[in-house]
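Notes to accompany the following structure.
In this text, all values refer to a predicted model and were calculated from it rather than measured experimentally. The chains referred to below are lettered A, B, ... by the order of the sequence lines, with proteins before strands, and numbering in each begins at 1.
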Amino acid sequence: MAADIDVLQGTLDMLVLKTLTWRAMHGYDILDWLRRTTDHALRIEDAALYPALHRLEARGLVESEWGLSANNRKARFYTLTPAGRRALKAEAKVWQRYVDVVGKVMTAAQEDPA
Amino acid sequence: MTAARNWRRLLRLPGVDEVDAELRFHLQAMVDANVAKGMAPGEALARARAEFGDAAAAAALCREIDRQLDRRRRIADTLGNIARDVRQAARALRRSPSYTITALSTLALGVAATTAAFTLVFALFLRPFPFPAPADLLDLNTKAPKWNLERVGLNYPDFHAWRASATTSFAGMALLSSSTFNLSDGTTAERVDGAYVTRDFPAVLGVPLLAGRTFSEEEDRPNGPSVVMISRSLWQGHFNGSASAIGRTLVVHGRTATIVGVLPDEGAFIERAKVYMPYAGDPAQVWQSYDGEAVARLRPGVTIEAARAELLHAHEPIWAARDTARFVTPTLTPLHEVVTAPFAGASRTLAVATALILLIAVANVTSVMLARAVVRQRETGIRKALGATAARVAQQVLAETLVLAALAGVIGTLVGHWSLQLLLRALPDQFPGWAHFGFSMPTALFATVLVALASVASGIAPIVFGRKADARAAIGEATPRTTLSRRQRRLLDGLVVFEVAMCVVLLAVGGVLVQGYTRLQGVDPGFRAERTLAFNLSLPAVTYDTPVATVSAWERLLADIRAIPGVAMAGAISCRPLGCHAGKFTDVEGRQGVAGEATPVTLTLSATAASFDALGVTLAHGRTFRDEEGQGGRPVSVVVSEGYARWAWPAVADPTGRRIRPAGSADSVGWWSVVGVARDVRHYGLDQEPRPTINVPWTLAPPRNMAVVVHASGETDPLVAPLRAAVTKLDPTLPVYQLTTLDAALTRSLGLVRTTAWLLAVFAFVALLLAIGGLYGVLSYTVSRQRRDIGIRMALGASRSAIQRAVVGHVVVLVSIGVALGVPAVLAAQRLGARFLSMQAAPSWGVLLVAALVVLVAGAGSAFAPARRAVRFEGRGVLAEE
């Protein structure tokens with residue numbers, strides 16, 4: 001298992017937004033969901049998630065509210081705002097193009113100049 | 001967003017840290033998961049901590065992000081509220097355009113008048129001189145109470161002694177004497193303003209030389225080398241601002257002078273000075289002429305009192321040696337005070353008048369706003385019922401007045417600025433050259449503060465009354481109570497009374513000033529101003545170096561001028577009326593001076609015999625002298641003024657044959673015989689008392705500098721070209737200067753008086769318009785609000801005329817109260833402000849009566865339209881409505 005893909009800042013933002021499309025989640029849930037979905041292939045430091053979340057809130061892409069977790073503890077839940085939804089759509093498109101283009105290059109067969 | 005968070009944000013309490021709580025929750029969840037996997041609690045916590053990463057750094061980062069977000073949100077909230085209020089206010093104002101236009105134009109007018117007056121006052125009195133440490137600059141002069149003189153002037157020996165000994169308090173002193181100079185390049189001639197200055201002049205003022213240097217010590221001595229400093233504008237105009245101008249020459253008064261330095265135009269503290277020549281004073285000079293004025297600079301931190309004490313001490317030896325009777329005492333005055341003194345009264349009057357206008361405008365807007373607030377009581381009540389706080393409602397009212405005031409501020413400031421520029425253009429040469437009346441930061445700031453104050457002031461009443469509108473009244477009452485309560489009506493009435501009273505004050509003050517001006521116009525100047533031209537000519541000493549040459553030049557010129565068709569009479573005089581001053585003292589034969597008696601400085605004129613006729617000066621007794629009655633040792637005949645005769649021979653009806661001579665003459669000097677007594681001439685202006693005057697035949701000491709006076713048989717304009725031609729024929733290098741008709745000179749001398757009077761009259765008219773506008777507005781409003789009452793009364797049988805009488809009667813009562821309060825206010829203002837304002841005379845009962853009548857008639861007039869509208873309501877219709 002290649003459990004060692006470092007996640008870059010911009011990518012983490014996108015992944016968080018994507019995660020929040022399902023439902024409102026607190027930080028731990030978000031990481032948990034991401035880890036399970038990727039079979040723990042991504043390496044995301046727990047501490048790094050929170051500045052990302054707060055930054056997304058500051059940009060108006062997510063909103064937060066205090067609520068109760070599954071085991072009745074006070075937790076801060078994040079929801080996607082309409083602006084967040086739009087940002088995710090745009091970033092996903094760019095990401096897809098990036099993957100396609102890079103993929104094309106990496107999979108191209110060498111042409112014989114002769 | 002919870003209320004708690006809002007509170008915490010508001011109070012900025014440290015409290016429970018959200019970021020900590022959030023991170024702690026995460027850590028706890030990790031521990032729980034580890035425990036669920038079967039770890040011991042201690043190990044579970046350790047593992048979670050290790051996996052979590054740098055919690056402290058993450059928390060710090062989160063807090064920083066949150067803080068920024070918070071700040072942004074707070075600003076956005078405030079801006080959003082303001083924007084919403086402003087939008088709402090703009091909508092409300094658009095909905096009632098007639099109200100908006102009235103309030104807007106009223107406020108704009110007030111702001112316009114006030115900012116214009118402020119700009120004037122600021123430029124003249126508040127903006128510091130364009131010199132370093134301007135507060136340390138003093139005017140140095142002398143006074144002679146016994147000669148009835150506030151400002152005598154200075155002579156060089158006194159100045160020289162002071163400058164040498166009073167060095168503790170003074171950093172420097174400079175003596176100067178304004179003059180005009182003939183400037184010529186050989187073919188053309190030009191007359192420019194300038195001054196003789198001592199070499200320390202630039203240093204004392206603190207103006208840096210743009211090129212070259214100031215005079216050296218040798219140059220600032222009698223018979224020193226001929227050198228000159230020029231102003232920046234002359235430098236630009238004649239030498240294109242080239243550095244090579246230094247060392248070049250100019251012909252000044254027919255003598256070649258080398259340019260040694262260039263002074264900036266601010267140096268033109270002596271108005272419009274373009275040429276500076278060395279004062280070249282002689283400390284040993286015997287003949288003492290008080291023709292200088294001086295600027296002194298204090299050392300930093302020295303008080304004017306200390307400087308005065310030192311100056312008086314320095315003057316002691318002069319009293320002991322030359323002036324044992326202590327006629328002349330040196331004086332020190334802040335320079336700014338001296339230079340601005342002529343404008344002080346007028347500017348203050350304008351400032352006070354404009355402040356009154358603004359007050360009336362604010363009162364006006366207040367009453368209209370109040371009326372609106374009453375109409376909107378229902379709206380306000382509903383808003384409160386829906387949860388708006390009193391503060392929020394007040395904020396909305398303020399937003400409305402603020403929008404109004406801001407618009408009025410912009411319009412008013414622009415209008416005020418433009419009208420001031422127009423006014424200044426209409427009054428060239430009335431104000432000192434260093435005063436700049438442009439738009440400045442302080443002016444803008446003043447206008448802004450003014451607008452803010454005005455909007456708050458006109459918003460207070462509606463806010464106070466809005467508070468009373470409660471939800472119960474608005475929703476509970478089937479018919480909203482939109483008539484005025486007793487208290488509200490009394491407030492509205494009070495505002496009207498206030499406006500009327502202020503209006504009476506302005507009308508009366510304006511009336512007094514206009515009356516004063518027209519009275520001045522009616523004053524007999526003592527000379528004939530109509531169809532009379534005068535110009536000055538200065539014969540350079542280089543060419544006209546003997547009395548014979550001088551006399552012959554003047555005679556040739558006058559003969560040529562008399563030959564010009566259209567010239568009825570022509571003469572010459574050393575100082576024409578409204579032109580200049582030359583004072584001397586005289587002794588009267590057989591008259592013993594009473595100890596301590598004020599000796600008048602006598603205006604001493606050298607005149608040609610023909611000048612009496614040319615000026616239209618008539619004689620009360622005797623005859624005029626003949627030109628030769630002063631020449632070549634013959635007995636001298638003089639003509640004295642009535643004022644002089646009254647002082648010299650109070651008991652004598654016809655003093656012809658009496659004798660006088662210059663004060664302090666040696667016994668060998670012959671007496672001058674009085675051959676005639678001339679009527680008093682208002683030599684210094686219509687608003688100035690004439691001085692005792694003597695006219696001496698010009699041949700006694702032929703002046704090189706004289707005013708030629710020409711009386712035309714017809715129009716004066718066609719004479720200008722031939723007059724110039726006559727001068728050119730005499731000497732093409734001689735410039736004609738101060739060419740004017742005496743009519744124009746008289747008008748100009750009254751410029752400031754006239755301007756103040758007419759401005760006040762305009763302001764009074766504006767105040768009247770505002771007061772009537774306010775009256776009309778309030779009246780229309782109350783009448784329309786009282787439709788129900790009026791309808792009921794008419795249904796009950798009140799006649800139309802009775803209703804009309806009631807409406808007009810109410811107005812007449814209000815206006816009468818206003819007038820009754822305004823008249824004593826005028827009298828009090830006059831008593832308090834006779835010196836402060838330029839209102840010298842108390843208003844006559846005539847002026848007060850006219851002011852009161854105008855306001856009464858205008859007020860009653862403004863009531864007619866609303867009164868007629870009142871009775872147009874059909875009683876039935878109004879009742880059926882409800």
Side-chain angles (χ1 to χ4, degrees), chain A residues 3-4 6-10 12-13 16 19-20 24-36 38 40-79 81 83-84 87, chain B residues 1-9 15-37 39 41 44-77 79-80:
Chain A
D4 291 296
D6 277 316
V7 177
L8 299 169
Q9 165 84 53
L12 177 60
D13 286 357
V16 169
T19 310
L20 288 176
M25 287 187 208
H26 48 70
Y28 185 82
D29 263 0
I30 295 172
L31 267 190
D32 193 44
W33 189 88
L34 273 174
R35 286 190 179 128
R36 277 189 288 114
T38 58
H40 298 270
L42 293 177
R43 188 166 64 194
I44 307 169
E45 201 181 40
D46 295 59
L49 175 68
Y50 285 93
L53 278 170
H54 283 237
R55 209 172 281 123
L56 286 173
E57 184 172 25
R59 285 165 60 196
L61 303 184
V62 302
E63 264 171 4
S64 70
E65 202 169 3
W66 288 86
L68 290 178
S69 70
N71 45 8
N72 255 347
R73 284 212 191 90
K74 268 189 72 167
R76 193 172 182 172
F77 285 82
Y78 291 86
T79 33
T81 63
Chain B
M1 211 182 305
T2 63
R5 182 164 155 190
N6 272 336
W7 271 110
R8 210 167 326 121
R9 200 199 281 165
V16 187
D17 189 289
E18 288 195 352
V19 175
D20 271 354
E22 192 177 12
L23 296 187
R24 211 174 300 129
F25 167 81
H26 189 106
L27 207 60
Q28 188 63 50
M30 288 170 81
V31 171
D32 286 354
N34 286 348
V35 169
K37 275 185 220 158
M39 287 182 209
L45 180 62
R47 276 288 292 277
R49 281 222 171 111
E51 273 176 26
F52 187 81
D54 191 347
L61 199 51
C62 286
R63 276 191 209 107
E64 178 54 34
I65 294 167
D66 286 3
R67 241 196 315 279
Q68 281 173 9
L69 174 62
D70 254 17
R71 198 178 312 139
R72 277 217 308 273
R73 274 196 184 141
R74 236 186 346 260
I75 294 170
D77 276 2
L79 288 181

*More than 12 heavy atoms from other groups under 6.0 Å of CZ on R73(A)*: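 Yes.
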*Has Q28(B) got more than 12 heavy atoms of other residues, nucleotides or ligands less than 6.0 Å from its CD?*
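Above 12, so yes.
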*Rounded to the nearest 0.5 Å, how far apart are CZ of R55(A) and CG of D66(B)?*
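Taking CZ in R55(A) and CG in D66(B), the distance rounds to 11.0 Å.
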*Find the distance between OG (S69(A)) and CG (D32(B)) and round it off to the nearest 0.5 Å.*
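Those atoms lie 9.0 Å apart.
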Are [X] and [Y] close enough that some pair of their side-chain heavy atoms sits under 4.5 Å apart?
X      : Y      : answer
W66(A) : E22(B) : yes
R76(A) : F25(B) : no
D54(B) : E45(A) : no
Y50(A) : L23(B) : yes
L61(B) : H54(A) : no

*Of all the heavy-atom pairs spanning A58(B) and P51(A), show the shortest one and how long it is.*
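Smallest interatomic distance, heavy atoms only, reads O-CG, 4.0 Å.
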*Does D46(A) pair with R49(B) as a salt bridge, N-O distance under 4.0 Å?*
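Not counted as a salt bridge, because no side-chain N and carboxylate O are separated by less than 4.0 Å.
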*For R24(B), is it the side chain, the backbone, both, or neither that has a heavy atom closer than 4.5 Å to a heavy atom of chain A?*
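Neither part.
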*Engaged part of N71(A) at the chain B interface, taking heavy atoms whose separation is under 4.5 Å*: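 The answer is the side chain of N71(A).
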